[in-house]
*Asks:* 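Let me begin by handing over the structure; questions about it come next.
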Amino acid sequence: MPENESKFFAKIALPEIVPVLLQLLTRQEEDADEDEWNISMAAGTCLGLLAQAVADTIVPAVIPFIEANIKAQDWHQREAAVMAFGSIMEGPDPSVLTPLVNQALPILIDMMNDPNLHVKDTVAWTLGRICDLLTDTIKPDVHLHPLVSALVNGLQDNPRIVANCCWALMNLADQLGHSENEDTANTNPLSPYVDGIVQALLRVTET
């Protein structure tokens, strides 16, 4: 027998905890400093840890909130919906998340043009999480061109967004850069975009 046996307390308490956390996600401050710890950041961190603790169970608890708020007029709700989605990327089985990510990717890529800085920042972070944890959900012939375009365009944005776009591109290169077939080791789905990405990154370094 293991020394510590899980009693699934977090899973049992999920119906009480999740609605509170989702509500707290909408308590962002308009002029919050990115390094300043605040209520909405704490709620996002807690939701991420909860997702790791309860795995697949988190998905049906959070998805209705995301669907209801991702296109809301109020930026607080849009940003909270994206933060909730990004926060549950680690924990649930990838097979459970894959259809959701496939459905969400075009919406998220489009939201890189959101008029609100906070929303764009969180979208770039969420895309970075997908590029890091769920690269297999990115279909090269469907998602890769608009995704890379959105991330490269983001390199001309606010420094916070630039940092997240760089991180997302790094994850993409890292995950797509490994080939099991030695004959094609020099090329991968990202290869056609490398020159453009490098040129864009070099332009950032000049600023």
*Asks:* Go through it in stages, so that I can follow the logic: the residues are Asp121 and Asn158, the test is side chain to side chain donor-acceptor pair (under 3.5 Å), and I'd like the CA-CA distance, side-chain angles, deciding distance and then a yes or no.
*Replies:* CA-CA 9 Å; Asp121 188 23; Asn158 179 282; over 6 Å; no

*Asks:* Determine the minimum heavy-atom distance between Leu127 and Ala168, stating which atoms define it.
*Replies:*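 Leu127 and Ala168 have their closest heavy atoms at C-CB, 4.4 Å.
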
*Asks:* Report the C-alpha separation of Ile58 and Val18 in whole Å, then their side-chain angles, then the decisive distance to 0.1 Å, and conclude whether the side-chain contact (heavy atoms from CB on, under 4.5 Å) test is met.
*Replies:* CA-CA 8 Å; Ile58 197 76; Val18 169; 4.1 Å; yes

*Asks:* Does atom CG of Asp136 have more than 12 heavy-atom neighbours from other groups under 6.0 Å away?
*Replies:*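 Not more than 12 within 6.0 Å, no.
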
*Asks:* Would you be so kind as to tabulate the donor-acceptor pairs closer than 3.5 Å made by side chains of residues 97-116, with sequence neighbours excluded?
*Replies:*
| from | atom 1 | to | atom 2 | distance (Å) |
| --- | --- | --- | --- | --- |
| Thr98 | OG1 | Pro94 | O | 2.7 |
| Asn102 | ND2 | Thr98 | O | 3.4 |
| Asp114 | OD1 | Arg78 | NH2 | 2.9 |
| Asp114 | OD1 | Asn116 | N | 2.8 |
| Asp114 | OD2 | Arg78 | NE | 2.9 |
| Asp114 | OD2 | Arg78 | NH2 | 3.4 |
| Asn116 | OD1 | His118 | N | 2.8 |
| Asn116 | OD1 | Val119 | N | 3.1 |

*Asks:* Could you state the interatomic distance from CG (Leu176) to CG (Leu144), rounded to the nearest 0.5 Å?
*Replies:*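 Those atoms lie 6.5 Å apart.
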
*Asks:* Indicate yes or no: at least one non-hydrogen side-chain atom of Leu14 is less than 4.5 angstrom from one of Leu50.
*Replies:*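 Counting from C-beta outward, Leu14 and Leu50 do come under 4.5 Å.
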
*Asks:* Does any non-hydrogen side-chain atom of Thr137 lie less than 4.5 Å from one of Leu134?
*Replies:*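 Result yes, sub-4.5 Å side-chain heavy-atom pair found.
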
*Asks:* Determine, stepwise, if the pair Trp125 / Cys165 fulfils side-chain contact (heavy atoms from CB on, under 4.5 Å).
*Replies:* CA-CA 8 Å; Trp125 172 77; Cys165 288; over 6 Å; no

*Asks:* Do Val148 and Val194 belong to the same hydrophobic cluster, where Ile, Leu, Val, Met, Phe, Trp and Tyr are linked whenever their side-chain heavy atoms lie under 4.5 Å apart, directly or via other members?
*Replies:*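 As far as the 4.5 Å side-chain criterion goes, Val194 and Val148 are not connected within one cluster.
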
*Asks:* Within the side chain of Asp56, is there an N or O that forms a donor-acceptor pair under 3.5 Å with the backbone of Asp93?
*Replies:*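 The answer is yes, because a donor-acceptor pair under 3.5 Å joins these two groups.
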
*Asks:* Would you name the heavy atoms of Ile88 and Ala51 that are closest together and state the gap between them?
*Replies:*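 That would be CA-CB, 3.9 Å.
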
*Asks:* Say whether, by atom type as modelled, one donor and one acceptor occur between the side chain of Gln28 and the main chain of His76 under 3.5 angstrom.
*Replies:*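 Yes; judged by distance alone, with no hydrogens or angles, the pair exists.
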
*Asks:* Could you give the distance from CG (Asn38) to CG (Leu24), rounded to the nearest 0.5 Å?
*Replies:*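 Answer rounded to 0.5 Å: 11.0 Å.
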
*Asks:* Distance alone, cut at 3.5 Å: any donor-acceptor contact between the side chains of Thr122 and Glu79?
*Replies:*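 Per modelled atom types, Thr122 and Glu79 side chains form a pair under 3.5 Å.
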
*Asks:* Kindly indicate whether the side chain of Trp37, heavy atoms from C-beta on, has any atom under 4.5 Å from the side chain of Thr45.
*Replies:*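 Yes; the side chains approach each other to less than 4.5 Å.
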
*Asks:* First locate atom CZ of Phe9, then atom CD1 of Ile17, and finally report the distance between them rounded to the nearest 0.5 Å.
*Replies:*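 The CZ atom of Phe9 sits 12.0 Å away from the CD1 atom of Ile17.
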
*Asks:* Can you tell me how far the CD atom of Gln156 sits from the OG1 atom of Thr207, to the nearest 0.5 Å?
*Replies:*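 Output value for this atom pair is 10.0 Å.
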
*Asks:* Quick one: do Val204 and Leu169 end up in the same hydrophobic cluster if we chain Ile, Leu, Val, Met, Phe, Trp and Tyr together by side-chain heavy atoms under 4.5 Å apart?
*Replies:*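 Per the 4.5 Å side-chain linkage, Val204 and Leu169 are co-clustered.
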
*Asks:* Would a single hydrophobic cluster contain both Leu202 and Met170, if residues Ile, Leu, Val, Met, Phe, Trp and Tyr are joined by side-chain heavy-atom contacts under 4.5 Å?
*Replies:*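 Not linked; separate clusters.
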
*Asks:* Leu201 and Cys166: which non-hydrogen atoms are nearest, and at how many Å?
*Replies:*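 In terms of heavy atoms, the two residues are closest at CD2-SG, 3.8 Å.
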
*Asks:* Is any side-chain heavy atom of Asp157 closer than 4.5 Å to a side-chain heavy atom of Lys120?
*Replies:*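 The answer is yes, as the side chains (C-beta and beyond) meet within the 4.5 Å cut-off.
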
*Asks:* Which distance, rounded to the nearest 0.5 Å, do you find between the CE of Met89 and the CD of Gln52?
*Replies:*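 It is 12.5 Å, given to the nearest 0.5 Å.
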
*Asks:* With side-chain contact (heavy atoms from CB on, under 4.5 Å) as the criterion, how do Trp167 and Arg129 come out once you've worked through the C-alpha distance, each side chain's angles and the decisive distance to 0.1 Å?
*Replies:* CA-CA 9 Å; Trp167 178 63; Arg129 297 263 291 169; 4.0 Å; yes

*Asks:* Say whether, by atom type as modelled, one donor and one acceptor occur between the side chain of Asn69 and the main chain of Phe65 under 3.5 angstrom.
*Replies:*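 The answer is yes, because a donor-acceptor pair under 3.5 Å joins these two groups.
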
*Asks:* Identify whether Leu49 and Leu21 are in the same connected component of the hydrophobic contact network (ILVMFWY, side-chain heavy atoms under 4.5 Å).
*Replies:*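 In one cluster with Leu49: Leu21, no.
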
*Asks:* When you compare the side chain of Thr26 with that of Ser40, does any pair of heavy atoms fall below 4.5 Å?
*Replies:*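 They are not in contact (no side-chain heavy atoms under 4.5 Å apart), so the answer is no.
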
*Asks:* Could you pull out the closest heavy-atom pair between Ala84 and Leu22, with the gap in Å?
*Replies:*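 Distance-wise, the nearest heavy atoms are CB-CD2, 4.0 Å.
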
*Asks:* Taking Asp132 for the side chain and Asn171 for the main chain, is one N or O donor matched with an acceptor at less than 3.5 Å?
*Replies:*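 Judged by distance alone, no pair lies under 3.5 Å.
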
*Asks:* What distance do Leu147 atom CG and Ile130 atom CD1 have between them, rounded to the nearest 0.5 Å?
*Replies:*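 The distance works out to 8.5 Å.
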
*Asks:* One pair to check against side-chain contact (heavy atoms from CB on, under 4.5 Å): Leu155 and Ile161. What are the steps and the verdict?
*Replies:* CA-CA 7 Å; Leu155 296 176; Ile161 293 161; over 6 Å; no

*Asks:* What are the two closest non-hydrogen atoms of Asn164 and Ala124, and how far apart are they?
*Replies:*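 Closest approach of Asn164 to Ala124, heavy atoms only: CB-CB, 3.6 Å.
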
